[in-house]
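For reference, the structure is listed below as structure tokens.
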Amino acid sequence: MGLVVQKYGGSSVADAEGIKRVAKRIVEAKKNGHQVVAVVSAMGDTTDELIDLAEQVSPMPAGRELDMLLTAGERISMALLAMAIKNLGHSAQSFTGSQAGVITDSVHNKARIIDVTPGRIRTSVDEGNIAIVAGFQGVSQDSKDITTLGRGGSDTTAVALAAALDAEVCEIYTDVDGVFTADPRVVKKAKKIDWIAFEDMLELAASGSKVLLHRCVEYARRYNIPIHVRSSFSGLKGTWVSSEPIEQGDKQVEQAIISGVAHDTSEAKVTVVGVPDKPGEAAAIFRAISDAEINIDMIVQNVSAASTGLTDISFTLPKSEGRKAIDALEKNKGGIGFDSLRYDDQIGKISLVGAGMKTNPGVTADFFKALSDAGVNIELISTSEIRISVVTRADDVNEAVRAVHSAFGLDSDSDEAVVYGGTGR
Ligand code: ADP
Ligand code: ASP
Ligand code: MG
């Protein structure tokens with residue numbers, strides 16, 4: 001039997017009991033004849049608590065030092081997990097991301113993995129150990145500084161190690177039974193998906209379904225690593241994310257027309273008011289934003305008023321980048337030429353994802369109808385081949401997700417979706 005990479009998220013290792021429970025699971029896999037590499041996240045909400053702590057000391061902590069601080073969270077869980085496994089009579093060794101050979105670029109707080117050289121991990125498992133790796137962290141090739149991969153980055157560590165070690169499978173253990181048709185914390189009638197194609201999972205993840213990180217799915221698709229998302233609290237089979245449908249009994253699971261509904265309340269909207277309607281303006285605005293290394297999501301430009309020749313441009317971005325974006329635009333106000341800026345962090349995004357959208361023109365109309373029936377006002381719209389997203393007031397998001405989920409017939413008529421742990425933070 002081959003090597004498996006298992007990743008345990010923060011809610012699975014939230015306390016000493018959780019760590020002991022996970023240790024037992026890992027030992028089971030080893031006893032079944034697998035070589036096991038386990039990637040762990042920081043315990044519970046440790047990362048959030050460390051960020052809060054940093055902000056109490058400095059309103060905008062230096063990226064390098066924040067990474068040093070945050071990586072401590074994963075170090076705590078990796079060492080405790082190795083101890084718990086040893087206590088069960090099995091040998092385990094823990095490794096930081098840097099020791100595990102996770103090499104990144106040097107963009108602090110959201111570094112990208114550029115190479116994985118897992119020599120020490122390979123040696124450790126070949127010698128009969130269970131290798132425990134701290135997720136979410138790496139080391140910069142250029143600066144040699146410690147980096148982190150962005151929130152939720154342990155998922156990416158797991159897939160990257162699975163690819164580098166040529167693992168049979170990458171198992172992502174979390175606090176729900178798999179990927180559902182909507183977040184089970186919001187939609188109790190969400191259904192567990194047995195299989196989902198990389199493409200649909202990519203869109204769900206990019207639209208806010210944080211059960212898997214977008215970059216992790218991108219990585220898995222590039223290296224064709226099947227992911228099995230499942231609960232660390234139950235023994236149930238979870239969701240397979242892969243390029244080809246899985247077999248179930250003697251038949252294949254079919255591609256769904258609509259995969260699910262995702263929502264995201266982590267973004268804010270910036271409106272640049274009074275922009276001259278002439279060539280080069282949008283280029284100047286978004287050059288300033290990209291020079292500040294800020295990723296944006298949706299963009300909308302209004303038609304200019306004939307009397308003034310001025311227009312407004314709105315875009316959405318992570319709330320965490322809001323301050324930086326406003327500063328970057330203010331600094332370039334003279335060069336760009338606009339009247340004022342508006343910042344709104346009370347927005348939410350709802351997205352419907354499904355391969356069936358390519359061939360079914362009625363989907364968009366049904367989506368808007370469901371929102372209007374729920375009394376939800378739409379502020380921005382964007383689409384891709386297999387996704388449609390709208391921005392609404394943040395307060396409307398949960399209601400809107402439930403309305404869309406029902407309207408597309410996704411509600412399950414059996415059990416309620418179980419959430420085993422975590423605070424949803
Ligand atoms: P972990 O700590 O294991 O990494 P996360 O909190 O990052 O866990 O991700 C699991 C959470 O993702 C679930 O508790 C659930 O609230 C949320 N979630 C959002 N969308 C979905 C979805 N479509 N299916 C399952 N879980 C989802
Ligand atoms: N501990 C990190 C976070 O909370 C990484 C992860 O959990 O994947 O974002
Ligand atoms: Mg996560």
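Numbers for residues simply follow the sequence, beginning at 1. Every number for a ligand or one of its atoms is a count from 1 in the order of the listing. Just so you know, these numbers use all the heavy atoms, side chains as well, and skip hydrogens, waters and symmetry mates.
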With distance as the sole test, does Arg215 use its side chain to make a donor-acceptor pair with the main-chain N or O of Gly153 at under 3.5 Å?
no
Inspect the surroundings of CZ in Arg342 and state if more than 12 heavy atoms from other residues, nucleotides or ligands are less than 6.0 Å away.
no
Students should find this: residues with any non-hydrogen atom under 4.0 Å from ligand 2. What is the answer?
Ser41, Ala42, Thr47, Glu74, Phe136, Arg151, Gly152, Gly153, Ser154
Taking only Lys NZ, Arg NE, NH1 and NH2, and the carboxylate oxygens of Asp or Glu, determine whether Lys110 and Glu293 approach each other closer than 4.0 Å.
no
Please determine whether the number of non-hydrogen atoms from other residues, nucleotides or ligands lying under 6.0 Å from atom NZ of Lys324 exceeds 12.
yes
So do Leu81 and Val22 actually touch side chain to side chain, heavy atoms under 4.5 Å?
yes
Looking at side-chain heavy atoms only, is the closest gap between Val272 and Leu341 below 4.5 Å?
yes
Quick one: side chains of residues 170-179, donor-acceptor pairs under 3.5 Å with protein atoms, not counting sequence neighbours, listed by atom name and distance.
residue, atom, partner, partner atom, Å
Glu171, OE1, Gln6, NE2, 2.9
Glu171, OE1, Tyr173, OH, 3.0
Glu171, OE2, Arg230, NH1, 3.2
Asp175, OD2, Ser11, OG, 3.0
Asp175, OD2, Arg185, NH2, 3.0
Asp177, OD1, Ser234, OG, 2.8
Asp177, OD1, Tyr420, OH, 3.1
Asp177, OD2, Tyr420, OH, 2.8

Is it the case that the side chain of Asp264 and the backbone of Lys349 share a donor-acceptor pair, with hydrogens and angles ignored and the cut-off at 3.5 Å?
no
Among all residues two or more places apart in sequence or in another chain, which pass the side-chain hydrogen bond (donor to acceptor under 3.5 Å, both in side chains) test with Asn224?
Ser243
Name the residues with a heavy atom less than 4.0 Å from ligand 1?
Lys7, Gly9, Gly10, Ser11, Tyr173, Thr174, Asp175, Val176, Gly178, Val179, Phe180, Ala182, Asp183, Pro184, Arg185, Ser209, Lys210, Val211
